[in-house]
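We use all heavy atoms of the structure for the numbers below, so side chains are in, but hydrogens, waters and symmetry mates are not. Chain identifiers are assigned alphabetically (A, B, ...) following the order of the sequence lines, protein sequences preceding nucleic acid strands; residue numbering begins at 1 within each chain.
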Number of protein chains: 2
Amino acid sequence: MQVVPPALEKLIQDLSRLPGIGKKTASRLALHIMRSPAEEARALAADLAELHTAVKLCSSCFVFSETDPCRICSDPVRNKEVVCVVEGPDDLLAIEKTGAYQGLYHILHGVLAPMDGIGPDEIKISELVNRIRREKIAEVLIATSSTVPGEATAAYLSRILHTEQVQVTRLACGIPMGMDIKYADEVTLARAIETRRESK
Amino acid sequence: MQVVPPALEKLIQDLSRLPGIGKKTASRLALHIMRSPAEEARALAADLAELHTAVKLCSSCFVFSETDPCRICSDPVRNKEVVCVVEGPDDLLAIEKTGAYQGLYHILHGVLAPMDGIGPDEIKISELVNRIRREKIAEVLIATSSTVPGEATAAYLSRILHTEQVQVTRLACGIPMGMDIKYADEVTLARAIETRRESK
């Protein structure tokens, strides 16, 4: 017999599709929401429904933004000659938090993973090349994670960008191997930005 | 500078209010939702908005249900002379999964926790007493968790129910001390139901 009300079961199914949320956690969260005032669930629902309407990709750097260009791209104070290439928006946030970087960004929205069918066309690489050709960019700072796919992506970018009129740099050693940059502490990350090296 | 779009930040705030979800997990989930197709976020939003409208408490046993009385209370096959008292709906689900119990339920929606200001009036105890007086209930099986507040609640219930015309039983030993019953394995839980003992 069906003992979980269908509407609750449906929410449990939805939640268990989120990354890192199993069936048990999804049940716990759904029951918490059920026990909380209806207004809280409705507020969360409204914010979720609004999300994709309000937030789009910046057509220049591909960060999630409510404006296009985004606040960073349109900030007159930022150094528009340096573009930092990151895998995802959470990496951008980690770098912004250090306060050590004043340039612009380019979000790849992924890393090269040929085994999973993710080649150069699946991530924002051609957009980066076009941007370098179109805008006055002096330096591309590659800040992919120091994981195997992150390093492979960095090596690939470094190779294709060497034919362009641009200096290509990498974050300095300092980030432990195998660590995702979004989890690096701010001091390590700031130091890696300051001592960034020429990509060979 | 505000680098996270406000609509995304709002969702992160909402999610980090859920139990066991910190700021970092909330960001990860929100970014996942942002990266997924808009329809998925809207489906989750719709299910959340619908939840409190569709699901109510059964006025007899206080389980979450889309019908009143709930499916268990209105099932002609169930033994209406036995009522199993549990802390929350997840405990009911754990017991239903064993298939060892055919009676009805009564959901307390909490346990006694005087330090947190949760006394007998904050949980569904008077409703249980009224139900025993109103309906033909022969046995109340107390199935609170074998945690300190669970045991205290069981002892309190046992004391007040002894003046009523009803047999009061407890789940048998078999559940390890300190374990929340919703995490007990099905065999242990089934055995504890079968060998339930008289509450003294």
Selection from T25(B), L57(B), I33(B) maximising heavy-atom pairs under 4.5 Å formed with chain A: I33(B)

L157(A) to V85(A) - nearest heavy-atom pair and separation: CD1-CG1, 3.8 Å

Which of V55(A), L93(A), L11(A) touches chain B most, by non-hydrogen pairs under 4.5 Å: V55(A)

Residue from V83(A), L92(A), D91(A) passing side chain to side chain contact (heavy atoms under 4.5 Å, CB included) with Y105(A): L92(A)

Residue among A30(A), A54(A), A49(A) with most heavy-atom pairs under 4.5 Å to chain B: A49(A)

Proximity breakdown for I21(A) and chain B, heavy-atom pairs closer than 4.5 Å: side chain

Trace of the salt bridge (charged side-chain N to carboxylate O under 4.0 Å, His left out) decision for R35(B) with E87(A): CA-CA 13 Å; R35(B) 271 190 287 258; E87(A) 296 173 16; over 6 Å; no

N/O donor-acceptor pair under 3.5 Å between H52(B) side chain and S36(A) backbone: yes

Pairing of E127(A) and R134(A) as salt bridge, 4.0 angstrom limit: no

Pairs of heavy atoms under 4.5 Å with chain B: top-ranked of A46(A), P37(A), P89(A), A38(A): A38(A)

Which atoms of T53(B) approach chain A - backbone, side chain, both or neither, heavy atom under 4.5 Å: both

A43(B) portion near chain A, given a 4.5 angstrom heavy-atom threshold: backbone

Any donor-acceptor pair under 3.5 Å from T144(B) side chain to G150(B) backbone: yes

Contact winner vs chain A - E40(B), H109(B), R28(B), heavy-atom pairs under 4.5 Å: R28(B)

Beyond-backbone contact of K124(A) with I107(A), side-chain heavy atoms, under 4.5 angstrom: no

Best-contacting candidate, V63(B), L15(B), T67(B), D90(B), against chain A by heavy atom pairs under 4.5 angstrom: D90(B)

Choice from S65(A), C70(A), P19(A), A41(A) maximising heavy atom contacts with chain B below 4.5 Å: P19(A)

Under 4.5 Å from any heavy atom of chain B - which part of L8(A): both

Atom pair CG (L112(B)) and CD (E122(B)), whose distance is rounded to the nearest 0.5 Å: 9.5 Å

